[in-house]
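Note sheet for the following structure.
Keep in mind the model is a prediction, meaning the values are calculated, not measured. Because only heavy atoms are used, hydrogens play no part in the values below, and waters and symmetry mates are left out as well, while side chains stay in.
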Amino acid sequence: MKNGLFSKMIAAFTIIISLSFVITSAFLSFWFQNYYLSQRRSQIVTEAQFVRNAAIQYFAGNISQDRLNDTLETLAEYLNPDIKADMFIMDGYGYVYATSNSEYYKLIGKQIVSKDIRDVRNGKMVENTDVYNKIFGKAVHTYEIPITYNGTFEGSIMINTSVNDIRHPLRRVYIIIWISAIFAIIAACFVIYYFSQKIIIKPLWEINSVARKIAKGEVDKRVDVKSEDEIGELAQSFNFMADSLEKVENNRREFISNVSHEIRSPITSIKGFIGGILDGIIPRDRERYYLSLTYDEINRLTRLVNDLLDLSSMEAGHLKLNIVKLNINEMIKNTVIKFETKINEKKLKVDVCFNSDDLYVLGDEDRINQVLTNLIDNAIKYVNDDGSVRISTKEKSNKAYISIYNNGPQINEEDFKHIWDRFYKSDKSRTTKMSTGLGLPIVRSILTQHGEDIHVENKKEGGVEFTFSLKLST
Ligand SMILES: Nc1ncnc2c1ncn2[C@@H]1O[C@H](COP(=O)(O)OP(=O)(O)O)[C@@H](O)[C@H]1O
Ligand SMILES: [Mg+2]
C-alpha cells in the first residue's frame with residue numbers, strides 16, 4: 001500500500017502544487033519585468049528633460065561642447081546611480097554632438113543613423129529593446145527622444161543602457177521569486193507528506209493489518225482510529241464488521257461444542273449399555289430392557305441429526321417451500337391425535353377452539369405440520385400432569401392466527417430471551433432426555449421462510465401461549 005496510494009498521492013499533489021507555483025512565478029516575473037521597464041521609461045522621460053535643457057543651452061551657443069559633454073556625464077551619473085546609462089545628443093540627421101561617456105568621444109561628429117529616425121523626427125519617443133548594436137558592440141536597450149526647440153525639430157537624445165545592466169536587477173528579483181517558489185513547493189511537499197501519512201496512510205495501513213489478522217482468525221482484533229472524518233467512519237464500520245464476525249465465530253464455536261455435547265451423551269449411554277451386555281455385566285434377563293434404552297437413545301440421536309440437518313438446510317436457504325392451500329384446523333386435529341398416548345399418560349385436558357370446521361391457509365404442508373408438532377409437543381411436555389392445553393385459530397385481516405396455550409409453569413425472563421436459540425433448554429436436568437433445544441429455532445426458521453412470525457406470551461391467568469400467523473387462502 002505504501003508504494004501505491006501514498007506515492008500516487010504525493011506525486012499528484014506535488015505536480016499540482018509545482019504547476020501552480022510555476023505558473024504564478026512566471027506571471028509574477030512577467031508582470032515585474034513590465035513594471036520595471038515602464039518605471040524605467042518614465043524615468044528616462046524625466047532624464048531626457050534635463051538633457052534637453054542642456055542641449056538647448058548648447059544650441060543657443062551658451063555652453064561649449066566640452067561643457068555639454070561634462071554636463072551629460074554628470075547627469076548620467078546622477079540620474080542613474082544603479083544602472084550605467086550612456087547619453088548622446090544628435091542633430092536631426094543623427095550626427096553626434098555630445099556624449100556622457102568619454103569612451104564614445106570618437107563618435108562625436110559621426111552619424112549613428114537609427115532606422116527609427118523618421119519616427120523621432122515626427123516627435124515620437126522610440127524604444128528599442130534588446131537589439132544588438134554594431135556601434136556599441138553589445139546588446140543595448142535604447143530610448144530615442146526628440147528635441148524640439150521653438151517648435152522645430154532640432155535633433156534627438158539617445159539614452160542607451162546595456163541589456164546586461166538592465167537585466168541585472170531584474171535577475172535578482174527573478175531569483176527571489178523562483179527561490180521562494182521552490183521553497184514553497186518543498187515546504188508544501190513536506191506538509192502533504194506529513195498529513196497524508198497521518199490522515200490517510202497510517203489509518204489505512206492499520207485497518208489493512210487488522211483485516212489480515214482477522215482473516216487469520218484473530219477475530220478479537222480491532223482498529224484504533226479515532227479521527228472523525230471518512231477514514232474514522234471506515235474504521236468504525238470495520239470494527240462493527242469485526243464485531244459481527246466475532247459473534248458469528250463465537251456462535252459457530254458454541255454450536256460445534258453444543259452439537260458434540262448433544263451427540264456424546266447418547267453415544268456414551270449406548271456404548272455403556274452394549275458394552276455391559278457384551279461383557280456379561282448386565283444379567284441376561286435385563287438385556288431386553290437395556291436394549292430398549294439403547295433404542296431410545298438411538299431414536300434421540302436420529303431426531304437430533306434430523307433436526308440439525310433441517311435447521312442447517314433452512315438457514316442455508318436450500319429448503320424449497322411447496323406452498324399449497326391447507327386446512328389448518330384439520331391439520332391441528334390430526335396432530336393432536338398423534339399425541340393421544342402422551343395426553344392420556346399425563347391425563348391432560350386438550351381443547352381445540354375453532355370458529356368453523358375449515359380454515360384455509362397457504363403454506364408448505366410438511367413444514368407447517370412440523371411447526372404444529374413442535375409447538376403441541378412443547379405444550380404437552382411442559383404442562384404439569386392433569387393440566388390443560390388449548391389450541392385455537394382465528395382470522396384477522398387476511399391472516400390466520402394459531403395459538404397454542406398450556407397452563408404449565410411460565411417462562412422466566414432470562415429464558416424468554418433465549419428460547420429461540422439453538423440448543424437452549426431452560427430446565428436442563430428435567431428435559432435432557434426428551435429435548436434437543438432445536439424445536440423452537442426450527443419453528444421460527446420455517447415461519448420466517450413463509451414470511452410469517454411467531455411470538456410467545458406468559459398469560460396473566462397463568463400458563464404460556466405461543467401464537468403464529470399464516471396467510472389466509474382466498
Ligand atoms: N409451552 C411451553 N411452556 C414452557 N416452556 C416452553 C414451552 N415451549 C418451549 N418452552 C421452553 O423453550 C425451550 C426451548 O424449546 P424447544 O426449542 O422446543 O426445545 P426442547 O423442546 O427440545 O426443549 C424449552 O426448553 C422450554 O424451556
Ligand atoms: Mg420442543
### Message
So, using side chain to side chain donor-acceptor pair (under 3.5 Å) as the criterion, who are the partners of K349 when residues are at least two apart?
### Response
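K349 satisfies side chain to side chain donor-acceptor pair (under 3.5 Å) with D351 once adjacent residues are dropped.
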### Task
Output all residues satisfying side chain to side chain donor-acceptor pair (under 3.5 Å) with S403, sequence neighbours left out; order by chain, then residue number.
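Counting only residues at least two positions away or on another chain, S403 forms a side chain to side chain donor-acceptor pair (under 3.5 Å) with T467.
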Measure the spacing between [atom1] of [X] and [atom2] of [Y] and express it to the nearest 0.5 Å.
X	Y	atom1	atom2	answer
S209	K213	OG	NZ	4.5 Å
L19	T14	CG	OG1	11.0 Å
I368	I446	CD1	CD1	7.0 Å
I328	T393	CD1	OG1	8.0 Å

Any donor-acceptor pair under 3.5 Å from [X] side chain to [Y] backbone:
X	Y	answer
N327	D358	no
E144	V126	no
K124	P146	no
N412	D415	yes
K346	I380	yes
E457	V464	no
N458	I411	yes
N407	S388	yes

Residues 230-239 side chain polar contacts: donor-acceptor under 3.5 Å, at least two apart:
residue: S237; atom: OG; partner: E233; partner atom: O; Å: 2.9
residue: N239; atom: OD1; partner: V223; partner atom: N; Å: 2.8
residue: N239; atom: ND2; partner: V223; partner atom: O; Å: 3.0

### Query
Partners of K347 by salt bridge (charged side-chain N to carboxylate O under 4.0 Å, His left out), sequence neighbours excluded?
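Residues passing salt bridge (charged side-chain N to carboxylate O under 4.0 Å, His left out) with K347: none at all.
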### Message
Just to verify, what does F195 make a ring pair (Phe, Tyr, Trp, His ring centres under 6.0 Å) with, not counting sequence neighbours?
### Response
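For F195 there are no ring pair (Phe, Tyr, Trp, His ring centres under 6.0 Å) partners, ignoring immediate neighbours.
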### Message
Test of understanding: with ring pair (Phe, Tyr, Trp, His ring centres under 6.0 Å), list the residues that count as partners of F339, not counting sequence neighbours.
### Response
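Residues passing ring pair (Phe, Tyr, Trp, His ring centres under 6.0 Å) with F339: none at all.
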So which atom in [X] and which in [Y] form the shortest heavy-atom distance, rounded to 0.1 Å?
X	Y	result
D386	L348	N-CD2, 4.1 Å
D421	P441	O-CG, 3.6 Å
H450	I323	CD2-CD1, 3.8 Å
M314	S445	SD-CB, 3.7 Å
V383	G408	CG2-N, 3.7 Å
I159	A85	CG2-CB, 4.1 Å

### Query
Do N374 and N378 have side chains that get closer than 4.5 Å, going by heavy atoms?
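With C-beta onward as the side chain, the pair stays apart.
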#### Entry: Y401, OH atom: more than 12 neighbouring heavy atoms under 6.0 Å
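Yes, because the 6.0 Å sphere around OH of Y401 holds more than 12 heavy atoms from other groups.
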### Whether F32 and Y35 hold their rings parallel, tilted or perpendicular, with breakpoints at 30° and 60°
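Ring orientation, 0 to 90° scale: tilted.
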### Query
Taking the inter-plane angle between the rings of W420 and F466 on a 0 to 90° scale, is it parallel (under 30°), tilted (30 to 60°) or perpendicular (over 60°)?
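Plane angle over 60°, so perpendicular.
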### Task
Please step through side chain to side chain contact (heavy atoms under 4.5 Å, CB included) for the pair R41 and E127, ending with a clear verdict.
CA-CA 9 Å; R41 194 173 307 123; E127 180 177 353; 2.5 Å; yes
Taking side-chain contact (heavy atoms from CB on, under 4.5 Å) as the test, write out the residues that go with [X], two or more places apart.
X	value
N250	E246, R253
D279	I281
K271	none
R212	N208

### Query
Given E249 and R252, is the salt bridge (Lys or Arg N to Asp or Glu O under 4.0 Å) satisfied, shown in steps?
CA-CA 5 Å; E249 176 64 15; R252 191 185 65 88; 3.0 Å; yes
### Task
In sequence, state the C-alpha distance, the side-chain angles, and the governing distance for I145 and V120, and then conclude on side chain to side chain contact (heavy atoms under 4.5 Å, CB included).
CA-CA 7 Å; I145 304 114; V120 178; over 6 Å; no
#### Entry: Ring-face cation of R286 near Y289 (centre distance under 6.0 Å, axis angle within 45°)
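So R286 does make the cation-pi contact.
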Atom pairs and distances, donor-acceptor, side-chain atoms in residues 170-189, under 3.5 Å, two or more places apart:
residue: Y174; atom: OH; partner: Q33; partner atom: OE1; Å: 2.8
residue: W178; atom: NE1; partner: S29; partner atom: OG; Å: 3.4
residue: S180; atom: OG; partner: I176; partner atom: O; Å: 2.5

### Query
Which side chain to side chain donor-acceptor pair (under 3.5 Å) pairs, counting each pair once, include a residue from residues 362-371, with sequence neighbours left out?
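Only D310-Q370, R367-Q370 qualify under side chain to side chain donor-acceptor pair (under 3.5 Å).
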Should [X] and [Y] count as an ion pair when the cut-off is N to O under 4.0 Å?
X	Y	value
E218	K221	yes
E297	R300	yes
R222	D243	yes
E262	R422	no

### Query
Among side-chain atoms of Q43 and E47, is any donor-acceptor pair under 3.5 angstrom?
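Yes, side-chain donor-acceptor contact under 3.5 Å.
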### Message
Could you walk me through whether R444 and D453 satisfy the salt bridge (Lys or Arg N to Asp or Glu O under 4.0 Å) test, starting with their C-alpha distance in whole Å, then the side-chain angles of each, then the deciding distance to 0.1 Å, before giving a yes or no?
### Response
CA-CA 7 Å; R444 180 135 92 168; D453 210 358; 5.5 Å; no
